[in-house]
2 protein chains.
Amino acid sequence: MKQSPKQPAKKRRAQLIKAAERVFARKGYAGATTEEIARTAGLTKGALYFHFRNKEDVFFAVVKEVNDSIARKITRALDEEANPEKAIEKAIQSAFKLIEDHKFLTVEFWQKAHTIRRVKDFLAEEHKNMQNQIVRFLQKSGDLKKRECDSFFTLLHAIFDGLMVRQTCYGGEDDLRGLSKQVVEITKLYLKKNKLKLG
Amino acid sequence: MKQSPKQPAKKRRAQLIKAAERVFARKGYAGATTEEIARTAGLTKGALYFHFRNKEDVFFAVVKEVNDSIARKITRALDEEANPEKAIEKAIQSAFKLIEDHKFLTVEFWQKAHTIRRVKDFLAEEHKNMQNQIVRFLQKSGDLKKRECDSFFTLLHAIFDGLMVRQTCYGGEDDLRGLSKQVVEITKLYLKKNKLKLG
DNA sequence: TTTTAAATACCGACCGGTAGGTATTAAGAT
DNA sequence: ATCTTAATACCTACCGGTCGGTATTTAAAA
């Protein structure tokens, strides 16, 4: 029977990951069959298993791809502004966009972290790396204690995770844009309160 | 062979729900078998299916039970204090306890809200009810705009959901108690900033 | 340049295992 | 005797994963 045109393994793997993102986001881990993922990529299961060890392996590749993409976007937002306060504001705005892009998948990641050890370890590692990055950024930009920066990051990050949940489960009436402004305001308030002066 | 002593349907149902809570919390929806839920309750599948229509029905009963329990605890915390600021503080402290008690299950609820319509509808309804309750409480206690109360609730609620995620996925270094104090402080700050005077 | 061989990527039929769910039967209580 | 609750045996459907085979591409040899 007629085959899909051959592609280099790396390229095909990336394509399968893209297809998997869509199917996992739509149907969740259990609801997504390996057959549907392969079909979405224009292939069959045999091909999928040629490139990946098993279903969990595919999922883990998606976890890495999405989280790496998020980290790149936040980093770019921080780097694009010289003024620290504006850089934080820009990073917050980027984070809000990511809520809409990845809300279903990230809830799936959290749920699966409970049963797949390497997913949990990876998410913990990425979270820690982002915390270190943000804390370093804040300390570089002003005179402030590490402990307060840590708390700041923890609560800010919790707000974003919580808004992910809200967008997937509660169907928020408020516009995310309005909330974005609120979060920027609270951030400035909090930084002032704890004498975290920037610039 | 020897049967478990018979119980009134209502009592047995409650017992099965308790068992289901534990198994769903530990293994997630897919990983939890109806056989294991029955066994955990000291019964067999036949009995489980006598009391429940199907697996999804068991899960939905757990969703209702846990969310109702949470709502009761928050309400009690608000009612126990006459002073509004202290009432809010107490409610926040109760909410922090609930994070530890229900973190795995709530992530499971959010994940399943994506594929089970009635779970999503129920969570949205409960969220709305709690929002109305908190907003009414704030308005009763001080002169304040509904829109600002709404935002306040949304962000505060997001923090708790986000901390749920953190406790399940990121393995936070910070003590929740320290964060509890921070959240109380931010709450007061925010209420002051928006001129939400209480008392 | 052409032919042949080898390597790579992909297809699809099939299988084993699992779990949800049901029909029937049994046991216990009233 | 009747009703309620519980147990058992079994069925069915589905899915993850395998493997024999095929098609396509690349490399080597003539």
Side-chain angles (χ1 to χ4, degrees), chain A residues 1-24 26-63 108 111-112 115-119, chain B residues 1-20 22-63 108 111-112 115-119:
Chain A
M1 85 321 274
K2 202 172 158 70
Q3 274 195 2
S4 306
K6 281 180 168 185
Q7 296 258 16
K10 200 158 187 146
K11 196 168 177 181
R12 187 65 94 188
R13 201 182 139 90
Q15 189 188 337
L16 280 160
I17 290 172
K18 264 292 175 218
E21 271 188 50
R22 288 163 58 194
V23 184
F24 283 133
R26 255 196 333 119
K27 296 196 164 181
Y29 185 92
T33 65
T34 47
E35 171 143 27
E36 187 174 352
I37 293 170
R39 200 189 322 124
T40 301
L43 301 166
T44 63
K45 282 198 297 184
L48 183 114
Y49 282 95
F50 179 79
H51 293 280
F52 294 93
R53 184 187 209 77
N54 52 33
K55 187 179 181 183
E56 182 187 299
D57 208 32
V58 180
F59 183 73
F60 188 60
V62 169
V63 170
E108 204 64 39
Q111 192 270 334
K112 269 296 157 271
T115 50
I116 307 181
R117 182 83 228 185
R118 57 173 163 163
V119 170
Chain B
M1 100 315 278
K2 202 169 155 72
Q3 277 196 1
S4 304
K6 283 182 170 177
Q7 296 259 15
K10 200 158 187 144
K11 198 168 174 179
R12 185 67 94 188
R13 200 181 141 88
Q15 189 188 337
L16 280 159
I17 289 171
K18 263 299 175 208
R22 287 163 57 195
V23 184
F24 283 134
R26 256 198 330 122
K27 296 194 163 183
Y29 186 92
T33 67
T34 48
E35 168 142 25
E36 187 175 352
I37 292 168
R39 199 189 322 125
T40 300
L43 303 167
T44 64
K45 283 202 295 185
L48 183 115
Y49 281 95
F50 177 78
H51 293 281
F52 294 92
R53 184 186 210 77
N54 50 32
K55 186 179 180 183
E56 180 187 301
D57 207 33
V58 181
F59 184 74
F60 188 62
V62 169
V63 170
E108 203 64 38
Q111 192 271 333
K112 269 300 165 264
T115 51
I116 306 180
R117 182 82 229 184
R118 59 174 164 161
V119 170

Sorted by chain and residue number, the side-chain hydrogen bond (donor to acceptor under 3.5 Å, both in side chains) partners of B:Arg12 (sequence neighbours excluded) come out as B:Gln15
Answer yes or no: is there a donor N or O on one side and an acceptor on the other, between the side chain of B:Lys55 and the main chain of B:Tyr29, under 3.5 Å?
yes
Residues B:Ile37 and B:Leu16: closest non-hydrogen pair is CG2-O, 4.3 Å
By side-chain contact (heavy atoms from CB on, under 4.5 Å), A:Lys11 pairs with (sequence neighbours left out) A:Gln7, A:Pro8
inquiry  = Using the rule given for side chain to side chain contact (heavy atoms under 4.5 Å, CB included), can you reason through B:Phe60 versus B:Ile116, listing the C-alpha separation, both sets of side-chain angles and the distance that settles it, and then say yes or no?
reply    = CA-CA 9 Å; B:Phe60 188 62; B:Ile116 306 180; 5.8 Å; no
query: Quick one: is C:dG20 close enough that its OP1 or OP2 comes under 4.0 Å of any side-chain N or O from B:Thr34?
result: yes
Applied to residues 32-41 of chain A, the salt bridge (Lys or Arg N to Asp or Glu O under 4.0 Å) test, sequence neighbours excluded, yields A:Arg26-A:Glu36, A:Lys27-A:Glu36
Atom pairs and distances, donor-acceptor, side-chain atoms in residues 43-53 of chain B, under 3.5 Å, two or more places apart:
none

Whole-Å distance, A:Glu36 CD to D:dC14 P, equals 14 Å
query: Touch check for B:Ala38, heavy atoms < 4.0 angstrom, all strands: base, sugar-phosphate only, or nothing?
result: nothing
Under a 4.0 Å heavy-atom cutoff, the residues of residues 41-60 of chain B touching DNA chain C are B:Lys45, B:Tyr49, B:Asn54, B:Lys55
Q.
Regarding A:Glu56 and A:Lys112, does a basic nitrogen lie under 4.0 Å from an acidic carboxylate oxygen?
A. no
For A:Ala19, the side-chain contact (heavy atoms from CB on, under 4.5 Å) test, sequence neighbours excluded, returns A:Thr40, A:Ala41
Note: contacts of residues 4-12 of chain B with DNA chain C (heavy atom, under 4.0 Å) are B:Lys6
Protein and nucleotides 15-17 of chain C: nitrogen or oxygen contacts under 3.5 angstrom:
none

With sequence neighbours left out, the residues meeting side-chain hydrogen bond (donor to acceptor under 3.5 Å, both in side chains) with A:Asn54 are none
To the nearest angstrom, the CD-C1' distance between B:Glu35 and D:dA6 comes to 14 Å
